[in-house]
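Written out below as structure tokens is the structure these notes cover.
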Amino acid sequence: MKRIIWAAVALSAGSPAAAAPLPDPVRAMIETALATDEPQTIAAVIAVAKRANPDSVAEIEAMTADHERDLAARARAKADADRERLASAGVFSLWTGQVELGGSWSTGNSRTLGLYGGAKLKRSGLDWQHDLSLRVDYQETDGQTTTERAVAAWQPRYKISPSYYAYGLTQYEHDRFLGYQHRLTAGAGLGVVAVNNPRLRLEFDAGPAVRYTSFYDGAPDEQRLAGRGGLNMKWTPWPRLTLAQELAVYVEKENTTAASTTSVETLLFGPLKGRLSYAVQYERDAPPDQKRTDTVSRASLVYSF
């Protein structure tokens, strides 16, 4: 039936003398290419078929047009099914996440124990996305604690469009060696997805935040208004390798803080990945006897689910 339709289209597109039926081997070659749904393969086969059969161009174009309509119909059906699935999903559905664990132990001139743990949960629904995260760093050297840091955060996001979103942020931090016992942050703002393709995603966001800080040295607790800017980048140059960058900067009248994590992740097998990361924590208003910048290098295993 399709052959009859394509022939009729070909005849109606030009004079009967100018149109010629498409040879069966050429038709089979085109149908095989169309079945792959690979644009480069289809374009190459169609170009060769048109050059070899100039009197059957209208019929060839009718075949490609029919395939394009079929692709569009399938895409619409998939989009409708995905939308229905997201709209009807329950609160405990659609969650994905990962757990990260790492550690080190050295003996000799000094005894050092380092432990790192982290977890992330993500739920991406029809209009809302929720990101939950937890990170803990601990290190001892010769029985003395040298690193003690914990961060927990929840960031809801409303999808205004595929390229823009509004976000909220609630975050808790503890860092003994940067001088604060507790730091609570609440904020909101707008973000933009600057690049979004299968290999690279790049996001920027910014907005105001309120920060409440309780110190170790007996200094009065502080509550300050800050400006926040963030960057998230994930690049997959090869299927088994991912590079990522997370950056958050808070600017206050009396203080500026920044947290950056750069990581490279490779797929080992199944849901298990290996990760190398380098984290920088900067505190301009750190205690006088402490450095303003802390860095942590980690090697860890990541389990995704």
Report the C-alpha distance between T185 and V210 in whole Å, list the side-chain angles of each, state the deciding distance to 0.1 Å, and finish with yes or no for side-chain contact (heavy atoms from CB on, under 4.5 Å). CA-CA 6 Å; T185 301; V210 177; over 6 Å; no

*asked:* As a quick check of understanding, evaluate side-chain contact (heavy atoms from CB on, under 4.5 Å) for Q281 and T293, giving each step before the final call.
replied: CA-CA 6 Å; Q281 181 73 27; T293 303; over 6 Å; no

(message) Test side-chain contact (heavy atoms from CB on, under 4.5 Å) on F305 and L121; report intermediate values, then the result.
(response) CA-CA 9 Å; F305 58 90; L121 290 174; 3.7 Å; yes

For side chain to side chain donor-acceptor pair (under 3.5 Å), just list the numbers for H174 and E148, CA-CA rounded to whole Å, side-chain angles, deciding distance to a tenth of an Å, and then say yes or no.
CA-CA 8 Å; H174 164 82; E148 184 181 297; 2.8 Å; yes

field: Chi angles and distances behind the side-chain contact (heavy atoms from CB on, under 4.5 Å) call for L22, N53
entry: CA-CA 7 Å; L22 192 62; N53 301 271; 4.2 Å; yes

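In this structure K50 satisfies the side chain to side chain contact (heavy atoms under 4.5 Å, CB included) test together with I46, V57, I60, E61, sequence neighbours excluded. Contacts of D37 classified as salt bridge (Lys or Arg N to Asp or Glu O under 4.0 Å), with partners at least two apart in sequence or in another chain: R74. Listed by chain and residue number, W128 satisfy the ring-ring contact (aromatic ring centres under 6.0 Å, His included) test with Y158 (two or more places apart in sequence, or in another chain). Not a single side chain to side chain contact (heavy atoms under 4.5 Å, CB included) links A186 to another residue, sequence neighbours left out. With sequence neighbours excluded, no residue satisfies side chain to side chain donor-acceptor pair (under 3.5 Å) with K253. Every residue two or more places apart in sequence or in another chain that forms a side chain to side chain contact (heavy atoms under 4.5 Å, CB included) with W154 is listed here: H130, L132, P156, T170. For N255, the side chain to side chain contact (heavy atoms under 4.5 Å, CB included) partners are R183, R224, E252, T257, E283, R284, D285, not counting sequence neighbours.
Shown here is Y164, whose OH atom has no more than 12 heavy atoms of other residues, nucleotides or ligands within 6.0 Å. The number of heavy atoms from other shown groups lying within 6.0 Å of CH2 (W105) is above 12.
You'll find the side chain of F215 reaches within 4.5 Å of the side chain of T213, heavy atoms only. L200 is not listed as a side-chain neighbour of T236, based on a closest heavy-atom distance of 4.5 Å or more. Q129 places none of its side-chain heavy atoms less than 4.5 Å from the side chain of R123. Residues R51 and V48 are in side-chain contact: their nearest non-hydrogen atoms beyond the backbone lie under 4.5 Å apart. Looking only at side-chain heavy atoms (C-beta outward), L101 and L301 stay at 4.5 Å or farther from each other.
Across all their heavy atoms, A279 and R298 have their closest contact at CB-NH1, 3.8 Å. Nearest heavy-atom pair across L94 and S124 is CD1-O, 3.9 Å. Taking each heavy atom of S263 and S277 in turn, the nearest pair found is CB-CB, 3.8 Å. Considering every non-hydrogen atom in both K159 and G125, the closest pair reads NZ-O, 2.8 Å. Here the shortest heavy-atom pairing between A49 and M29 reads CB-CE, 4.3 Å.
Taking 4.0 Å as the cut-off between side-chain N and carboxylate O, D175 and R149 count as a salt-bridged pair. Classification of E100 and K273 as a salt-bridged pair fails, no side-chain N sitting under 4.0 Å from a carboxylate O. A salt bridge links R211 to E173: at least one charged side-chain nitrogen sits closer than 4.0 Å to a carboxylate oxygen.
L184 belongs to a hydrophobic cluster with Y172, Y212, counting contacts under 4.5 Å between side-chain heavy atoms of Ile, Leu, Val, Met, Phe, Trp and Tyr, direct or through other members. V136 belongs to a hydrophobic cluster with L134, counting contacts under 4.5 Å between side-chain heavy atoms of Ile, Leu, Val, Met, Phe, Trp and Tyr, direct or through other members. In this structure, V151 shares a hydrophobic cluster with no other residue, the cluster being traced through Ile, Leu, Val, Met, Phe, Trp and Tyr side chains under 4.5 angstrom apart. With side-chain heavy atoms closer than 4.5 Å counting as contact, directly or through intermediates, the hydrophobic cluster containing Y278 also holds V280.
Rounded to the nearest 0.5 angstrom, T112 OG1 and D142 CG are separated by 6.5 Å. In this structure, I160 CD1 and L190 CG are separated by 5.5 Å, a value rounded to the nearest 0.5 Å.
Neither side chain, T145 nor E140, offers a donor N or O lying under 3.5 Å from an acceptor on the other. Judged purely by distance below 3.5 Å, without hydrogens or angles, the side chains of D221 and Q223 never pair a donor atom with an acceptor atom. In summary, the side chains of S260 and E246 do not present any donor paired with an acceptor at a separation below 3.5 Å, with no hydrogens or angles considered.
A continuous path of Ile, Leu, Val, Met, Phe, Trp and Tyr side chains, each step under 4.5 Å between heavy atoms, connects V192 with V249, placing both in one hydrophobic cluster. In the hydrophobic clustering of ILVMFWY residues, with side-chain heavy atoms under 4.5 Å counting as a link, W95 and V99 come out together. The cluster map of Ile, Leu, Val, Met, Phe, Trp and Tyr, joined by side-chain heavy atoms under 4.5 Å apart, puts V296 and L276 in different clusters. There is no path of hydrophobic side-chain contacts, each under 4.5 Å, that joins L247 to V193. Grouping the Ile, Leu, Val, Met, Phe, Trp and Tyr side chains by contacts below 4.5 angstrom, directly or via other members, places L71 apart from V45.
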Under 3.5 Å, which donor-acceptor pairs do the side chains of residues 227-235 form with other protein atoms, sequence neighbours left out?
unit_1, atom_1, unit_2, atom_2, d
R228, NE, Y250, OH, 3.4
R228, NH1, Y167, OH, 3.2
R228, NH1, D205, OD1, 2.9

